[in-house]
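The structure displayed is predicted, hence computed values, not measured ones.
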Amino acid sequence: MIQNYLESHRVARLADLVDLLGTSEATVRRDLEWLEAQGIAERTRGGAILTQRLPTEPIFSASALFHPEEKDWIGRAAAARVQSDMTVFINSGTTTDALLRHLRARVDLSNIILVTNNLRAAAELWEPGIEILILGGAYSGRAQSVVGRFAADMLRQLGADLAFIGVDGVSPKYGVTTPSTQEAEIGQLMVSRTRGQVYIVADHSKWGVVSNYEIARLEQIHGLVVDTGLQAGPRTELEARGLEVVLAGPDGEDTQSVGPIPREESAHAPVWQEDR
């Protein structure tokens with residue numbers, strides 16, 4: 001019954017499961033432990049989420065068909081966080097593609113260096129205030145991006161004030177993940193080479209999805225820019241871990257759940273300082 005409930009709702013509160021089954025919290029907790037051991041569910045604070053596996057990298061054109069409005073909202077909310085005189089990392093993906101579109105519309109920005117492996121960044125004309133630095137390397141047709149050793153070596157020579165990372169899965173236990181080892185390497189380097197804040201940009205359907213390769217633990221991330229379809233339970237879980245949750249809605253109706261983690265608490269700040 002718990003598995004059926006999770007398959008229908010994806011997220012379950014412990015109190016709701018107790019009411020559904022008419023049993024004790026201790027019994028429900030033991031059942032959730034068993035479901036987690038079987039790889040069916042993942043326990044969270046006060047409940048559980050359905051574990052969803054993403055073993056292969058989706059094709060860009062197919063991924064773009066899912067939640068396009070929500071991705072546009074997220075792109076706009078993320079772009080609003082960019083300020084003049086910043087160096088910004090942005091990786092590949094359909095959500096970061098929406099972010100790039102909104103950044104192109106920011107005529108108020110000046111002295112921006114945008115570093116990305118997303119080849120779609122080179123497809124449009126940009127305002128003079130934004131300089132585009134495309135990483136070099138091997139072409140990935142599925143993601144329309146650049147990956148591999150040359151791209152990674154280039155990133156190791158750079159640093160950024162702000163990073164936006166598109167991912168395929170967000171999980172309390174397994175962090176943020178992707179099915180491509182090469183894309184994971186790019187994401188990992190962007191996280192470690194950012195001296196300021198790192199935001200995950202992902203629509204609500206990515207919650208509870210787990211893929212093969214870790215980009216970062218949640219402790220390495222400052223915030224999540226997500227659409228308003230994310231339920232209250234996941235928001236509470238993320239906030240309890242100290243993440244800023246930015247809920248992006250239509251017409252720019254974005255709300256911020258909690259404040260960002262101060263820079264000195266950043267898990268990757270020491271990496272930048274050592275490399276300097």
key: Residues forming a salt bridge (Lys or Arg N to Asp or Glu O under 4.0 Å) with Glu131, sequence neighbours excluded   =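 Counting only residues at least two positions away or on another chain, Glu131 forms no salt bridge (Lys or Arg N to Asp or Glu O under 4.0 Å).
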query = Going from OG1 on Thr95 to NZ on Lys71, what distance comes out if it is rounded to the nearest 0.5 angstrom?
reply =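 Going from the OG1 atom of Thr95 to the NZ atom of Lys71 covers 5.0 Å.
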ask   = Are any non-hydrogen side-chain atoms of Leu133 and Met154 less than 4.5 angstrom apart?
value =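 Yes. Closest side-chain heavy atoms under 4.5 Å.
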message = Checking Tyr199 against Arg81 for the side-chain contact (heavy atoms from CB on, under 4.5 Å) test, could you report, in this order, the C-alpha distance in whole Å, the side-chain angles of both residues, the deciding distance, and whether it holds?
response = CA-CA 10 Å; Tyr199 286 93; Arg81 280 171 152 60; 3.5 Å; yes
key: Contacts of Glu25 that satisfy salt bridge (Lys or Arg N to Asp or Glu O under 4.0 Å) - sequence neighbours left out   =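 Glu25 satisfies salt bridge (Lys or Arg N to Asp or Glu O under 4.0 Å) with Arg29 only.
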request  = Could you list the residues that satisfy side-chain hydrogen bond (donor to acceptor under 3.5 Å, both in side chains) with Gln231, not counting sequence neighbours?
outcome  =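 Residues passing side-chain hydrogen bond (donor to acceptor under 3.5 Å, both in side chains) with Gln231: none at all.
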key: Thr94 side, atom OG1; Arg120 side, atom CZ - distance, nearest 0.5 Å   =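 Between Thr94 OG1 and Arg120 CZ, I get 9.5 Å after rounding to 0.5 Å.
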key: Main-chain N/O of Asp161 paired to Arg195 side chain as donor or acceptor, under 3.5 Å   =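 Not a single qualifying donor-acceptor pair exists.
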message = Going by the rule side-chain hydrogen bond (donor to acceptor under 3.5 Å, both in side chains), which residues pair with Asn91 if we only count those two or more places apart in sequence or in a different chain?
response =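 Scan of Asn91 (side-chain hydrogen bond (donor to acceptor under 3.5 Å, both in side chains), adjacent residues dropped) gives none.
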ask   = Considering only heavy atoms from C-beta outward, does the side chain of Glu239 approach that of Glu244 to under 4.5 Å?
value =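 Answer no - side chains too far apart.
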query = Any side-chain donor paired with an acceptor under 3.5 Å for Ser140 and Gln182?
reply =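 On atom types as modelled, these side chains do not qualify, holding no pair under 3.5 Å.
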request  = Search all heavy atoms of Val167 against all heavy atoms of Ala202 and return the closest pair with its distance.
outcome  =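 Smallest interatomic distance, heavy atoms only, reads CG2-CB, 4.2 Å.
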request  = Please check if the side chain of Thr116 supplies one atom and the backbone of Ile90 the other of a donor-acceptor pair under 3.5 Å.
outcome  =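 Yes: the side chain of Thr116 pairs with the backbone of Ile90.
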inquiry  = Test of understanding: clusters of I, L, V, M, F, W, Y form through side-chain heavy atoms closer than 4.5 Å, transitively. Do Leu6 and Met1 belong to the same one?
reply    =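 Per the 4.5 Å side-chain linkage, Leu6 and Met1 are co-clustered.
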ask   = Looking only at atom types and distance, does a side-chain atom of Arg13 sit under 3.5 Å from a main-chain N or O of Gly233, one as donor and one as acceptor?
value =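 Side chain of Arg13 to backbone of Gly233, a donor-acceptor pair under 3.5 Å: no, none is there.
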ask   = What are the two closest heavy atoms between Ser110 and Ser84, and how far apart are they?
value =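 Closest approach of Ser110 to Ser84: N-OG, 3.0 Å.
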request  = For the pair Lys206 and Asp168, find out whether any cationic side-chain nitrogen is under 4.0 Å from an anionic carboxylate oxygen.
outcome  =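 Looking at Asp168 together with Lys206, the answer is no, because their closest N to O distance does not fall below 4.0 Å.
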inquiry  = Please report the interatomic distance CG(Leu119) to CG(Leu135), rounded to the nearest 0.5 Å.
reply    =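 One finds 9.5 Å between CG of Leu119 and CG of Leu135.
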key: Partner residues of Glu237 under the salt bridge (Lys or Arg N to Asp or Glu O under 4.0 Å) criterion, sequence neighbours left out   =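 Scan of Glu237 (salt bridge (Lys or Arg N to Asp or Glu O under 4.0 Å), adjacent residues dropped) gives Arg45, Arg241.
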query = Is Val176 close to Ile165 at the side-chain level, that is, under 4.5 Å between some pair of heavy atoms?
reply =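 They are not in contact (no side-chain heavy atoms under 4.5 Å apart), so the answer is no.
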For the student: nearest non-hydrogen atoms of Thr178 and Ser211, plus distance =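 Heavy atoms of Thr178 and Ser211 come nearest at C-OG, 3.3 Å.
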key: Residue pair Thr96 / Gly166: nearest heavy atoms and the distance that separates them   =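 Distance-wise, the nearest heavy atoms are CG2-N, 3.7 Å.
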message = Under the criterion side-chain contact (heavy atoms from CB on, under 4.5 Å), I'd like the reasoning laid out for Thr177 against Tyr213: C-alpha separation, chi angles, the key distance, then a yes or no.
response = CA-CA 5 Å; Thr177 55; Tyr213 302 101; over 6 Å; no
inquiry  = If I take atom CG from residue Leu158 and atom CE from residue Met190, how far apart are they, to the nearest 0.5 angstrom?
reply    =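 Spacing of CG (Leu158) from CE (Met190) equals 9.5 Å.
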task = Could I get the full list of side-chain hydrogen bond (donor to acceptor under 3.5 Å, both in side chains) partners for Gln83, not counting sequence neighbours?
result =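 side-chain hydrogen bond (donor to acceptor under 3.5 Å, both in side chains) list for Gln83, sorted by chain: empty.
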message = Any heavy-atom pair between the side chains of Phe89 and Val198 that's under 4.5 Å?
response =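 With C-beta onward as the side chain, the pair stays apart.
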Any donor-acceptor N/O pair, Asn212 side chain to Pro179 backbone, under 3.5 Å =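 Not confirmed, Asn212 side chain does not pair with Pro179 backbone.
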key: Residue pairs involving residues 106-119 (criterion salt bridge (charged side-chain N to carboxylate O under 4.0 Å, His left out); sequence neighbours excluded)   =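 Of all non-adjacent pairs touching residues 106-119, those that pass salt bridge (charged side-chain N to carboxylate O under 4.0 Å, His left out) are Arg106-Asp108.
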task = Rounded to the nearest 0.5 Å, what's the gap from CD on Glu219 to CG on Leu243? Could you check?
result =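 Answer rounded to 0.5 Å: 8.5 Å.
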inquiry  = I'd like to know whether Trp34 forms a side-chain contact (heavy atoms from CB on, under 4.5 Å) with Ile2, so could you lay out the CA-CA distance, the side-chain angles of the two residues, the decisive distance to 0.1 Å, and finally the verdict.
reply    = CA-CA 11 Å; Trp34 185 86; Ile2 293 174; over 6 Å; no
request  = Just jot down the side-chain contact (heavy atoms from CB on, under 4.5 Å) partners of Ala79, sequence neighbours excluded, or say none.
outcome  =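 Listed in chain order: Leu99, His102, Leu103.
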inquiry  = With a 3.5 Å distance limit and no angle check, can you tell me whether Thr87 reaches the backbone of Ala160 through a side-chain donor-acceptor pair?
reply    =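 Answer holds: no.
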request  = Could you tell me whether the side chain of Glu183 and the main chain of Ser180 form a donor-acceptor pair under 3.5 Å?
outcome  =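 No, because the side chain of Glu183 does not come within donor-acceptor range (under 3.5 Å) of the backbone of Ser180.
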message = The test is side chain to side chain donor-acceptor pair (under 3.5 Å); show your working for Asp203 and Ser205 and say whether it passes.
response = CA-CA 6 Å; Asp203 69 76; Ser205 69; 2.4 Å; yes
task = State which residues pass side-chain hydrogen bond (donor to acceptor under 3.5 Å, both in side chains) with Arg149; sequence neighbours excluded, sorted by chain then number.
result =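 Listed in chain order: nothing, the list is empty.
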key: Within-4.5 Å side-chain heavy-atom neighbours: Val226 and Val246   =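 Counting from C-beta outward, Val226 and Val246 never come under 4.5 Å.
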Cluster overlap Ile132 with Phe150, hydrophobic side-chain contacts below 4.5 Å =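 No.
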query = Mind checking what makes ring pair (Phe, Tyr, Trp, His ring centres under 6.0 Å) contact with Tyr5, not counting sequence neighbours?
reply =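 Tyr5: ring pair (Phe, Tyr, Trp, His ring centres under 6.0 Å) contacts with His9.
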message = Under the rule for side-chain contact (heavy atoms from CB on, under 4.5 Å), what residues qualify as partners of Glu69, not counting sequence neighbours?
response =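 Listed in chain order: Trp73.
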Shortest non-hydrogen separation from Leu218 to Pro172 and the atoms involved =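 Here Leu218 and Pro172 meet closest at CD1-CA, 3.7 Å.
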request  = Go through the structure and list residues passing salt bridge (Lys or Arg N to Asp or Glu O under 4.0 Å) with Arg101, not counting sequence neighbours.
outcome  =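 Arg101 satisfies salt bridge (Lys or Arg N to Asp or Glu O under 4.0 Å) with Asp72, Asp97 once adjacent residues are dropped.
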task = Nearest 0.5 Å please: distance from the CG atom of Leu17 over to the CG atom of Leu32.
result =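 Reported value, rounded in 0.5 Å steps: 6.0 Å.
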Ser92 backbone acceptor or donor facing Asn117 side chain under 3.5 Å =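 The answer is yes, because a donor-acceptor pair under 3.5 Å joins these two groups.
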key: Arg156/Glu185 salt bridge by N-O under 4.0 Å criterion   =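 Arg156 and Glu185: salt-bridged.
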key: Derivation of the side-chain contact (heavy atoms from CB on, under 4.5 Å) call for Thr27 and Leu21   = CA-CA 10 Å; Thr27 298; Leu21 300 172; over 6 Å; no
request  = Could you tell me whether the side chain of Trp126 reaches within less than 4.5 Å of the side chain of Leu114, counting heavy atoms only?
outcome  =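 Yes, close enough: below the 4.5 Å cut-off.
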query = Is Glu127 close to Leu109 at the side-chain level, that is, under 4.5 Å between some pair of heavy atoms?
reply =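 No. Closest side-chain heavy atoms not under 4.5 Å.
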message = When you compare the side chain of Val88 with that of Ile113, does any pair of heavy atoms fall below 4.5 Å?
response =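 Sidechains of Val88 and Ile113: no contact.
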message = So which atom in Val18 and which in Thr23 form the shortest heavy-atom distance, rounded to 0.1 Å?
response =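 For Val18 and Thr23, the tightest heavy-atom pair comes out as CG1-O, 3.1 Å.
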